[in-house]
Visitor: 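Take this structure first; my questions come after.
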Amino acid sequence: MKVTDALMVFNAGSSSIKFALYEQESMVLIFHGNLTNITIKPELKVFDSKDKMAYSNNEIDTGYKNSIKTISVYVSEHLNNINIKAIGHRVVHGGADLIFPTLVNSSVLKILKQQASLAPSHQPYSIELIETFTKKFPDISNVVCFDTEFHNTMPEVAKLFALPEEYKKRGIIRYGFHGISYEYIASTLHDHSIKSEQRIIVAHLGNGASLCAMKNMKSVETTMSFTTLDGLMMSTRCGSMDPGVILYLMEQGMTVDELSDLLYNRSGLMGVSGISPDINELLNNDSSSAKLAVDMFCYHTAKHMAGLITALGGLDAIVFTAGIGGNSPTIRQKICDQLAWLGLKLDDVANNNNFTNISTNESKVKVLVIPTNEELVIARKTCQLIKRGNAHAA
């Protein structure tokens with residue numbers, strides 16, 4: 001029987017792990033899965049190439065180690081006639097040293113561990129996945145792809161903080177994140193009649209949320225910066241705030257660990273509402289605190305969108321993507337209502353049905369909903385890197 005060369009992809013989040021297996025040459029999907037609610041009640045769902053449910057398991061103990069073990073067992077048992085050529089991983093932060101896709105070795109792992117405090121909701125779990133699968137498949141190349149790469153095109157005025165030069169030399173700059181998602185969206189825009197020269201804002205709104213301003217399909221500005229805390233209000237993260245608040249809380253005796261927990265885990269929608277980090281749950285809750293949390297999320301998103309127009313010199317289109325951006329008509333409507341002064345008009349029927357084009361013909365700004373596919377981008381980058389490596393070896 002024919003053996004298929006394939007690429008495995010892992011995308012570790014703060015409470016979930018997505019994974020996928022692609023044929024190497026064609027990039028055709030073989031299967032994909034998602035293990036969600038890792039810290040509460042883990043559930044694994046796996047789908048075949050036609051998106052039909054192939055397997056589910058909700059009897060998994062909580063914790064990342066148990067989730068990774070469950071995925072590892074499933075993958076190992078479903079590699080009949082499949083030869084994994086490489087494994088690609090999404091990694092949030094590589095700092096100033098690691099920007100572009102890189103083969104994993106001991107020195108790379110050391111750098112990733114040094115940067116873990118800059119993305120504590122993601123990085124430790126990505127590292128754990130990498131270490132698990134390098135041990136399980138020691139002869140297979142592991143490749144890390146970074147969320148920061150896409151934003152490497154930002155001009156210096158956008159990358160730098162207003163700090164002394166020595167801090168730039170220490171790598172304290174605005175990196176930006178969700179770059180793998182933005183790269184996928186940029187690759188699809190021509191299919192939706194968006195021209196390269198047009199001025200685009202992409203809104204990646206999920207548990208983590210950010211915006212990216214694009215010119216010529218490249219990033220010129222984004223809302224996240226040195227860490228994933230900056231910019232928009234998120235499910236449990238604070239977004240932009242006066243750094244003086246941090247100084248004040250430290251003066252009042254809060255430790256670094258306590259501050260980290262507050263800003264990463266107890267703020268955002270969860271912090272304001274006191275109810276839930278899930279925006280759908282808040283939309284269905286009649287309490288004033290739930291309404292305030294939703295209103296703040298939409299207000300700050302619209303405010304940051306308006307700010308990005310300066311970097312673009314105008315606005316031709318907005319693209320919504322990710323879990324909230326792609327699936328919540330109410331949130332899109334609330335955000336766009338605050339940008340009506342741009343001549344932006346939504347088609348209610350199209351928006352409520354999550355159509356691709358949700359703006360009216362009269363709207364001066366085109367508004368699209370495009371699902372992202374980070375796993376496909378990681379597979380492509382992994383394939384390109386190992387092919388270059390083989391070419392160099394030859």
Visitor: Tell me, please, which residues at least two apart from P138 pass side-chain contact (heavy atoms from CB on, under 4.5 Å).
Guide: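 Once residues adjacent in sequence are excluded, P138 has no partner under the side-chain contact (heavy atoms from CB on, under 4.5 Å) criterion.
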Visitor: According to side-chain hydrogen bond (donor to acceptor under 3.5 Å, both in side chains), does anything in residues 229-247 pair up with another residue at least two apart or in another chain? List the pairs.
Guide: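 Every pair satisfying side-chain hydrogen bond (donor to acceptor under 3.5 Å, both in side chains) with a residue in residues 229-247: N207-S235, S225-D230, T228-R237, D230-S240.
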Visitor: Suppose we screen for salt bridge (charged side-chain N to carboxylate O under 4.0 Å, His left out). Which residues come up paired with E131, at least two apart in sequence or across chains?
Guide: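 Only K113 meet the salt bridge (charged side-chain N to carboxylate O under 4.0 Å, His left out) criterion with E131.
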Visitor: Excluding sequence neighbours, so at least two apart, what forms salt bridge (charged side-chain N to carboxylate O under 4.0 Å, His left out) with K41?
Guide: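 Residues passing salt bridge (charged side-chain N to carboxylate O under 4.0 Å, His left out) with K41: none at all.
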Visitor: What residues, two or more places apart in sequence or in another chain, satisfy salt bridge (charged side-chain N to carboxylate O under 4.0 Å, His left out) together with K168?
Guide: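 Listed in chain order: E156.
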Visitor: Which side-chain N or O atoms in residues 271-286 pair as donor and acceptor under 3.5 Å with protein atoms at least two apart or in another chain?
Guide:
{"unit_1": "S273", "atom_1": "OG", "unit_2": "L269", "atom_2": "O", "d": "2.7"}
{"unit_1": "S273", "atom_1": "OG", "unit_2": "I275", "atom_2": "N", "d": "3.0"}
{"unit_1": "S273", "atom_1": "OG", "unit_2": "S276", "atom_2": "N", "d": "3.3"}
{"unit_1": "S273", "atom_1": "OG", "unit_2": "S276", "atom_2": "O", "d": "3.3"}
{"unit_1": "S276", "atom_1": "OG", "unit_2": "D278", "atom_2": "N", "d": "2.9"}
{"unit_1": "S276", "atom_1": "OG", "unit_2": "E281", "atom_2": "OE1", "d": "3.2"}
{"unit_1": "D278", "atom_1": "OD1", "unit_2": "N280", "atom_2": "N", "d": "2.8"}
{"unit_1": "D278", "atom_1": "OD1", "unit_2": "E281", "atom_2": "N", "d": "3.4"}
{"unit_1": "N284", "atom_1": "ND2", "unit_2": "N280", "atom_2": "O", "d": "3.0"}
{"unit_1": "N285", "atom_1": "OD1", "unit_2": "S287", "atom_2": "N", "d": "2.8"}
{"unit_1": "N285", "atom_1": "OD1", "unit_2": "S287", "atom_2": "OG", "d": "2.9"}

Visitor: Taking only residues two or more places apart in sequence or in another chain, which ones pass side-chain contact (heavy atoms from CB on, under 4.5 Å) with A119?
Guide: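 A119 satisfies side-chain contact (heavy atoms from CB on, under 4.5 Å) with V92, H93, Q123 only.
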Visitor: Output side-chain donor-acceptor pairs under 3.5 Å for residues 303-325, partner residues at least two apart or in another chain, one line each.
Guide:
{"unit_1": "H304", "atom_1": "ND1", "unit_2": "H300", "atom_2": "O", "d": "2.9"}
{"unit_1": "D316", "atom_1": "OD1", "unit_2": "R199", "atom_2": "NH2", "d": "3.2"}
{"unit_1": "D316", "atom_1": "OD2", "unit_2": "R199", "atom_2": "N", "d": "2.8"}
{"unit_1": "D316", "atom_1": "OD2", "unit_2": "R199", "atom_2": "NE", "d": "3.0"}
{"unit_1": "T321", "atom_1": "OG1", "unit_2": "I370", "atom_2": "O", "d": "2.6"}
{"unit_1": "T321", "atom_1": "OG1", "unit_2": "T372", "atom_2": "N", "d": "3.1"}

Visitor: Looking at the rings of F161 and Y167, which for Trp means the six-membered one, are their centres under 6.0 Å apart?
Guide: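 So the answer is no for these two rings.
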Visitor: By the salt bridge (charged side-chain N to carboxylate O under 4.0 Å, His left out) test, which pairs, at least two apart or in different chains, include something from residues 293-302?
Guide: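 The answer is K291-D295, D295-K334.
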Visitor: Side-chain atoms of residues 250-257: list all donor-acceptor pairs with protein atoms under 3.5 Å, sequence neighbours left out, distances to 0.1 Å.
Guide:
{"unit_1": "T255", "atom_1": "OG1", "unit_2": "E258", "atom_2": "N", "d": "3.1"}
{"unit_1": "T255", "atom_1": "OG1", "unit_2": "E258", "atom_2": "OE1", "d": "3.4"}

Visitor: Members other than L112 in its cluster, when Ile, Leu, Val, Met, Phe, Trp, Tyr link by side-chain heavy atoms under 4.5 Å?
Guide: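 Noted: L112 shares its cluster with V91, L98, V104, V108, L109, I111, I127, I130, V144, F146.
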Visitor: N58: what forms a side-chain contact (heavy atoms from CB on, under 4.5 Å) with it, not counting sequence neighbours?
Guide: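 Testing N58 for side-chain contact (heavy atoms from CB on, under 4.5 Å), a comparison that skips the adjacent residues, returns E43.
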